[in-house]
*Asks:* 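My structure is below; once you've seen it, I'll send some questions.
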2 protein chains.
Amino acid sequence: VDPALVHHFFGSKERLFAAVMQLPVVPGEVLAAALAPGAREPGRGLGEHLLRTVLGIWEVAEIRATFLGLLRTVGSSEPAGVMMREFVVENILGRVALAAREAGAAGDAEAELRAALVGSQILGLGLARYLLQLEPLAQASHDELAAAIGPTLERYLTGVIT
Amino acid sequence: VDPALVHHFFGSKERLFAAVMQLPVVPGEVLAAALAPGAREPGRGLGEHLLRTVLGIWEVAEIRATFLGLLRTVGSSEPAGVMMREFVVENILGRVALAAREAGAAGDAEAELRAALVGSQILGLGLARYLLQLEPLAQASHDELAAAIGPTLERYLTGVIT
């Protein structure tokens, strides 16, 4: 596909993806807005804020279905597996790494490590909560998950990790 | 299958599973031994010790292949998906919950939550490191992962999570 055409009609590859998947919002754009300076409630850490944003995005049935469908294809060499990897790296981790830089990460390499750690916990939560339906994670409220996992993401984003 | 026959020939359903999968060790038994009191190096936290144990188990090619094969089937309703869920809950999380109880969890419900949190981070790490091959997690050493993720597991097992 001609990238110029994609840009003309959809604005970005990510928006084309959202349109093809019939998503009501563009996940990466919601994430970018949530991670923007000033988007947080006063006193709420970046980690908890990020987690609550992701939990909110997953509440949208069409998005959750798309996410779980992609998660099922992870590791396959089929196009859907490749798409999942691209989607995670470009649209999700790239934005988390940017937030880590703004929060004080010492360089791109450190920001990438921080983003990948965040990604590993968020993907694992999605896997455990929705696909494996492990209790009590499957039934846990956003508040319970924020208390348990928010500090993990906060440390991965801004704490001592080496 | 008659459970008495399984017990007679294999000792447990878990050992039958390991035999069928041609695993060189029984993963849950390695985990149980690692989590036993006294198995840790002095000064090393339970979280870091657990993480290093899992990373060591994953280094065994046959075990990693089986784990990744099961991870790919998660969420499917096929027998392999059901087997993955049973394997995780019975052989892995049950033992982690027991360790959380011994480390001071206030009751079975709390121990189960702690084990499920640990499971979510470990599954997410496996997914990110081996299936998605996200950098820099895919190339990270055990020491680097222990420094980054060990404290997360330590907190999930023994820290404040509510």
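Chain letters run A, B, ... following the sequence lines, proteins first and then strands; every chain starts at 1.
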*Asks:* Chain A: which of B:Ala140, B:Ala148, B:Pro151, B:Gly126 shares the most heavy-atom pairs with it under 4.5 Å?
*Replies:* B:Ala148

*Asks:* From the options B:Leu93, B:Leu123, B:Val89, select the one residue that forms a side-chain contact (heavy atoms from CB on, under 4.5 Å) with A:Leu132.
*Replies:* B:Leu123

*Asks:* Among the options B:Ala146, B:Gly159, B:Gly150, B:Ala147, pick out the one with the most heavy-atom pairs lying under 4.5 Å from chain A.
*Replies:* B:Ala147

*Asks:* So for A:Ala128, is it side chain, backbone, both, or neither that comes closer than 4.5 Å to the heavy atoms of chain B?
*Replies:* side chain

*Asks:* Name the member of A:Glu112, A:Arg155, A:Arg114 that forms the most heavy-atom pairs with chain B at distances under 4.5 Å.
*Replies:* A:Arg155

*Asks:* What part of A:Tyr130 gets within 4.5 angstrom of chain B, counting heavy atoms only: side chain, backbone, both, or neither?
*Replies:* neither

*Asks:* Counting only heavy atoms closer than 4.5 Å, note whether B:Leu145 contacts chain A via side chain, backbone, both or neither.
*Replies:* neither

*Asks:* Could you tell me if A:Gln121 and B:Ser120 have a donor-acceptor pair between their side chains, going purely by distance under 3.5 Å?
*Replies:* yes

*Asks:* Please answer: with hydrophobic residues joined when any side-chain heavy atoms are less than 4.5 Å apart, are B:Leu35 and B:Leu98 in the same cluster?
*Replies:* no

*Asks:* Chain B heavy atoms under 4.5 Å from A:Thr152: which part of the residue, side chain, backbone, both or neither?
*Replies:* both

*Asks:* Please determine, among A:Leu117, A:Thr162, A:Leu68, the option with the most heavy-atom pairs under 4.5 Å with chain B.
*Replies:* A:Leu117

